Number of protein chains: 2
Amino acid sequence: MKRFFSKKEGMSTLAKIWEDHLRARGYRLTKARRAVLETMASETGHRTPEEIHRQARWRYRKLGLVTVYRTLALLERLNLVQRVHQGKMRCHSFAAVRLEKGHHHQLICRTCGHVEEFPDCALDRTLRKLQARTGFAIESHHLEVVGQCPKCQ
Amino acid sequence: MKRFFSKKEGMSTLAKIWEDHLRARGYRLTKARRAVLETMASETGHRTPEEIHRQARWRYRKLGLVTVYRTLALLERLNLVQRVHQGKMRCHSFAAVRLEKGHHHQLICRTCGHVEEFPDCALDRTLRKLQARTGFAIESHHLEVVGQCPKCQ
DNA sequence: TTTGTTATTGAAAATAGATTTCATTTAGCG
DNA sequence: CGCTAAATGAAATCTATTTTCAATAACAAA
Ligand SMILES: [Mn+2]
Ligand SMILES: [Mn+2]
Ligand SMILES: [Zn+2]
Ligand SMILES: [Zn+2]
């Protein structure tokens, strides 16, 4: 197999963690999956399935787009990647989840797509009041913050 | 033209406001548009374009699905309806914007789709800190809260 | 009212995105 | 090495959305 990335540069720590995660749950580690894992782990930006496919094919030429969809679905189920909605646009991009465990949200650069995560939304108080006022049983919330990263300003 | 809704029950205040809004900007008030406006204004729930089409056809039989898409795009541009993403699912539903002017968010019932709006997310402090920490120039944020409404619990 | 202009419409075709099917391949295990 | 079930890729299919275009109708002006 022709290799386009050396082992060292191609394989981030995050990708290794994800591989262990998959192995532990009995999923097979195929070349196709590795290519997608490493691609997703290698950047903080959010990308569409097509973009991910284009990038991942540098790691594994034969990779099919279908498998990208299937792998993203798997990674999403395992909470290793997240869908990015970004307001109106770009409804179906994906980004790596970098904060291990627990509740967090995304800060997205509208220019370059760079995604930064943060754990502290401090909405508890607001949501408790909202729950009291409306009678809703609040179960979850989703917050996305959009702006421009330092580089893009 | 056969009428399925009496003028009184068919035409909410909100729909009237929206009509004025369109007229003021030089858009023509066609039967097709009225049907979509009134349908969107008549319920707080979020619905897909297909669902909206099915409902709006009770008001105007000949209405085409294309026009529903076009009218929703228009209403979205004018900030009279909003897209609802609801976490993973239902990426392309729409709901009426009921809070005139200004910043607000949605509280969505995951069972019946009922949408309640609220103006006070109290995120300013959080976002200011986030901006200071990350160097991002924060421009906007999008918050969606999901739960069960009093009826559905 | 009638008329003219032009935005808007609906049907059909085209596009795009995502999923299903299925024969073939391969990871992981003895 | 084989075995076997899981996983893959190509093609077919499905679904949602957009584009095209001739026909219609809103609305302003006469
Ligand atoms: Mn979405
Ligand atoms: Mn939060
Ligand atoms: Zn950026
Ligand atoms: Zn409900």
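Just so it is clear, the values below take in all heavy atoms, side chains as well, and ignore hydrogens, waters and symmetry mates. The sequence lines fix the lettering, A, B, ..., with proteins before strands; numbering per chain opens at 1. What you are looking at is a predicted structure, and each value in this text was computed from that prediction instead of being measured.
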Do [X] and [Y] get their side chains close enough for a donor-acceptor pair, meaning under 3.5 Å?
| X | Y | value |
| --- | --- | --- |
| A/His141 | A/His103 | yes |
| A/His142 | B/Glu144 | no |
| B/Gln148 | B/Thr111 | yes |
| A/Gln55 | A/His53 | no |

Do the side-chain N or O atoms of [X] get closer than 4.0 angstrom to the phosphate oxygens (OP1, OP2) of [N]?
| X | N | result |
| --- | --- | --- |
| B/Lys62 | D/dA25 | yes |
| A/Thr30 | D/dA7 | no |
| A/Thr67 | D/dG9 | yes |

Per A/Arg28 side chain, nearest of listed nucleotides D/dT8, D/dA25, C/dA27: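 The listed nucleotide nearest to A/Arg28's side chain is C/dA27.
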[X] [atom1] to [N] [atom2], straight-line distance once rounded to whole Å:
| X | N | atom1 | atom2 | result |
| --- | --- | --- | --- | --- |
| A/Leu72 | C/dG17 | CG | C1' | 14 Å |
| B/Arg47 | D/dA16 | CZ | C1' | 19 Å |
| A/Leu29 | C/dG28 | CG | P | 5 Å |
| A/Leu22 | D/dA7 | CG | C1' | 13 Å |
| B/Arg61 | C/dT9 | CZ | P | 19 Å |
| A/Arg34 | D/dT8 | CZ | P | 12 Å |
| A/Arg33 | D/dA6 | CZ | P | 11 Å |
| A/Lys31 | D/dG9 | NZ | C1' | 14 Å |

Stepwise salt bridge (charged side-chain N to carboxylate O under 4.0 Å, His left out) check, A/Arg59 with A/Glu38: CA-CA 9 Å; A/Arg59 295 175 189 268; A/Glu38 288 168 16; 3.3 Å; yes
Lys/Arg cation over aromatic A/Trp58: A/Arg61, 6.0 Å, 45° cone: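 Because its charged atom sits under 6.0 Å from the ring centre and within 45° of the axis, A/Arg61 does stack over A/Trp58.
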Base versus backbone protein contacts along nucleotides 17-23 of chain D [heavy-atom cut-off under 4.0 Å; B, S, -]: SBBB---
DNA chain D: 5'-proximal contact among A/Ala32 and B/Tyr27 (nearest heavy atom): A/Ala32
Gap between atom CZ of B/Phe94 and atom CZ of B/Arg83 - 0.5 Å precision: 4.0 Å
